[in-house]
> 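The structure is given below, and queries will be raised subsequently.
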Amino acid sequence: MTQETNEATDPVPDEEGYQRGLGGRQIQMIAIGGAIGTGLFLGAGTAISKAGPSLLLAYAVAGVVIFVIMRALGELLTYRPVSGSFAEYAREFLGPFAGFVTGWTYWLFWVVTGMAETTAAAVYVRFWEPGVPQWGTALVFLLLLYAANLISVKLFGEIEFWFSMVKVTAIVGMILIGVGVLVFGFSAAGDTASITHLWKDGGFFPKGVGAAVMSLQIVMFAYLGVELVGVTAGESENPERTLPRAINTLPARIALFYVGALLIILSLVPWSEFEPGVSPFVAAFGKIGIPAAAGIINFVVLTAALSSCNSGMYSTGRMLRDLALRQEAPRRLTRLTASRTPAAAITVSCLLMGVGVVLNYLVPERAFEYITSVATVCGLWTWGVILASQLRYRRAWRAGRLPAPTFRAPGGSWSRWVALGFLVMVAVLIALDPTARISLYVFPGWALLLVVGFRVLGRRNPAAVHGDPHGHLHAGSGE
């Protein structure tokens, strides 16, 4: 393993120095947990109110695009499994500037997500204890997850395993109960629950096809995090076996946890009874009359928020250290602890998430929506980079310049181009939405900051900008 002393002087060591401590069981659950988050438990309420039952079609179509993206990522991961994979592949196939932008943008994505999720978790706790200060609870959660991430990657994986287990068990339980209500007619909603709610209350497109299309931007936020399995590549015990397995189960997870769960919910209660900002799961099971349903669902939503924040600390630490190894961030951030965790990088990221605790206490309620819209645009960039890198890689191995992957993405290049076009369309939809549009005001400033930072980096350390320490193929070298 690379030692700490060497990492401070060698910006790109042959070995990243991480401990491969994530087993197949944990990788599978991290992948599953990445597909179940606050976007589903809370965001679906707003989406249902805007699109009605046609939201099911939006989730299905977006799910197909997400699978195309993840199979493209899987091809890259089996070619070269590395931590900080998105930025690494961007550097190799799209050039140093693309890698620089991707690394910092994905880091920003999880920092702002962590800001939102810690505050959301504190709000959920107030469901049981209204008198507890929101900022205090958010700070406690932040410190607990920070400590867990510092101890070891095995502890992170174990915490994420159980967080995901709670979410999976809850959704499967909701589906089974919902099917029972529809088939056997028990509970307070038994007389009115019917699958006909999908088309009899104004039709499948009650607000028009345009409303269904506009809901895609909300739907894509719900899928953010599925790519986290790529960040775990450098610490997976057997990435060639566990990562393809995790990616191949994605369609089943989307069909069950998103389309399946919402299909049941929309059959139990007419879509018109759901309200923005209210969990459709809490609302539906409130109608059924299950004792303590609201409290149970609130616990699940709390778990989803803490899981997202936990994942955020993990990924920001790895991405920031990867930037430091490339001399694109302070070199002190390359240091690993005795347990092989990037403590310095995690600490910096956690401190910035802590700023979010203060900001969310001071700014209006819409701050959460603004932050999540910024996260969505960051996610769109990351997904686009994955697709573009895979297209370049495929062209290179077909020309004999790089080895062929052991886990090939299905379909021709056309499927990746269609997925790229879909991401562009979602960005346009964000621009058309007055609430989400704020993220597009933020990004020109972020882009300017990155351009300036890259030019400063080029003057201070030209090798970090133009060098190719790995000897890999770049976009400008015959690709």
Side-chain angles (χ1 to χ4, degrees), residues 35-67 171 174-175 178 192-224 226 253-287 301 304 366 368-370 372-373 375-377 379-380 419 421-440:
I36 311 171
T38 313
L40 173 63
F41 287 119
L42 285 180
T46 300
I48 290 172
S49 67
K50 291 184 176 181
S54 62
L55 181 66
L56 291 171
L57 182 60
Y59 269 104
V61 171
V64 172
V65 173
I66 291 296
F67 182 60
I171 289 191
M174 292 176 199
I175 291 174
T192 58
S194 171
I195 197 171
T196 60
H197 285 313
L198 296 178
W199 60 81
K200 75 175 185 180
D201 302 308
F204 188 71
F205 294 94
K207 295 193 175 182
V209 176
V213 174
M214 284 298 296
S215 71
L216 285 171
Q217 52 155 320
I218 303 175
V219 169
M220 294 306 281
F221 170 71
Y223 284 124
L224 290 176
V226 294
R253 299 199 305 269
I254 289 173
L256 177 65
F257 299 133
Y258 282 94
V259 180
L262 289 175
L263 176 66
I264 296 299
I265 292 296
L266 290 168
S267 298
L268 293 176
V269 180
W271 71 270
S272 55
E273 296 188 19
F274 294 108
E275 300 177 3
V278 177
S279 171
F281 295 92
V282 174
F285 282 85
K287 295 283 184 181
V301 174
R366 303 197 82 171
F368 186 84
E369 294 180 37
Y370 294 154
T372 53
S373 66
T376 302
V377 176
L380 293 178
F422 183 88
L423 297 181
V424 172
M425 181 187 71
V426 173
V428 172
L429 295 177
I430 290 175
L432 296 176
D433 188 306
T435 302
R437 195 180 297 154
I438 184 68
S439 62
L440 298 182

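Note that this is a predicted model, so its numbers are computed, not measured. The basis for the numbers below is simple: all heavy atoms, side chains too, and nothing from hydrogens, waters or symmetry mates.
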> Holding to side-chain contact (heavy atoms from CB on, under 4.5 Å), I want the full list of residues that pass it with L256, two or more places apart in sequence or in another chain.
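Expected list: V172, I175.
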> Report yes if some heavy atom in the side chain of V301 is under 4.5 Å from a heavy atom in the side chain of F281; otherwise report no.
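No, too far: nothing below the 4.5 Å cut-off.
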> F67: what forms a side-chain contact (heavy atoms from CB on, under 4.5 Å) with it, not counting sequence neighbours?
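F67 satisfies side-chain contact (heavy atoms from CB on, under 4.5 Å) with R71, L250, P251 once adjacent residues are dropped.
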> Mind checking the CD-CG spacing from E273 to L268? Nearest 0.5 Å is all I need.
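One gets 11.0 Å once the value is rounded to the nearest 0.5 Å.
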> Would you mind listing every side-chain hydrogen bond (donor to acceptor under 3.5 Å, both in side chains) that reaches into residues 206-216, with sequence neighbours excluded?
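Those involving residues 206-216 do not exist here.
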> Taking all non-hydrogen atoms of both residues, which atom of P280 and which atom of A44 are closest, and how far apart?
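Answer, listing the atom of P280 first, then A44: CG-CB, 3.9 Å.
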> Excluding sequence neighbours, so at least two apart, what forms side-chain contact (heavy atoms from CB on, under 4.5 Å) with L198?
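Per chain and number, L198 pairs via side-chain contact (heavy atoms from CB on, under 4.5 Å) with P53, L56, I195, L263, L266, S267.
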> Please answer whether the main-chain N or O of H197 pairs with a side-chain N or O of W271 as donor and acceptor at a distance below 3.5 Å.
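No.
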> In the structure I gave you, are the side-chain heavy atoms of Y258 and V219 within less than 4.5 Å of one another anywhere?
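No - every pair of side-chain heavy atoms lies 4.5 Å or more apart.
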> Enumerate the side-chain hydrogen bond (donor to acceptor under 3.5 Å, both in side chains) contacts for residues 50-65, please, sequence neighbours excluded, ordered by first and then second residue.
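Output for this query is empty, none listed.
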> Can you see which heavy atom on L224 is nearest to which on G379, and at what distance?
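Residues L224 and G379, closest heavy atoms: CD2-CA, 3.7 Å.
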> Roughly how far apart are I430 CD1 and L380 CG, rounded to 0.5 Å?
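With rounding to 0.5 Å, CD1 (I430) is 5.0 Å from CG (L380).
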> What pairs of donor and acceptor atoms, side-chain ones from residues 422-429 against any protein atom, are under 3.5 angstrom apart with sequence neighbours left out?
none

> Minimum heavy-atom separation for A261 and I171, please, with both atom names.
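Minimum heavy-atom contact is CB-CG2, 4.1 Å.
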> Mind checking whether T376 and Q217 have side chains closer than 4.5 Å, heavy atoms only?
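They are not in side-chain contact.
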> Working to the nearest 0.5 angstrom, can you tell me the gap between I265 CD1 and L262 CG?
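It is 7.5 Å, given to the nearest 0.5 Å.
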> Check side-chain contact (heavy atoms from CB on, under 4.5 Å) between V64 and all other residues, then give those that pass, not counting sequence neighbours.
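By the side-chain contact (heavy atoms from CB on, under 4.5 Å) rule, V64 matches no residue at all.
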> Sort and list the pairs that fulfil salt bridge (Lys or Arg N to Asp or Glu O under 4.0 Å) and have at least one residue in residues 260-269, not counting sequence neighbours.
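As it turns out, there is no salt bridge (Lys or Arg N to Asp or Glu O under 4.0 Å) pair with a partner in residues 260-269 once direct neighbours are skipped.
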> If you compare all heavy atoms of L55 against all heavy atoms of A47, which two are closest, and at what distance to 0.1 Å?
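Heavy atoms of L55 and A47 come nearest at CD1-CB, 3.5 Å.
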> In the structure I gave you, are the side-chain heavy atoms of V65 and Y223 within less than 4.5 Å of one another anywhere?
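SC-SC contact between V65 and Y223 ruled out.
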> My understanding is that only residues two or more places apart in sequence, or in another chain, count here; which of them pass side-chain hydrogen bond (donor to acceptor under 3.5 Å, both in side chains) with S194?
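So S194 forms a side-chain hydrogen bond (donor to acceptor under 3.5 Å, both in side chains) with T196.
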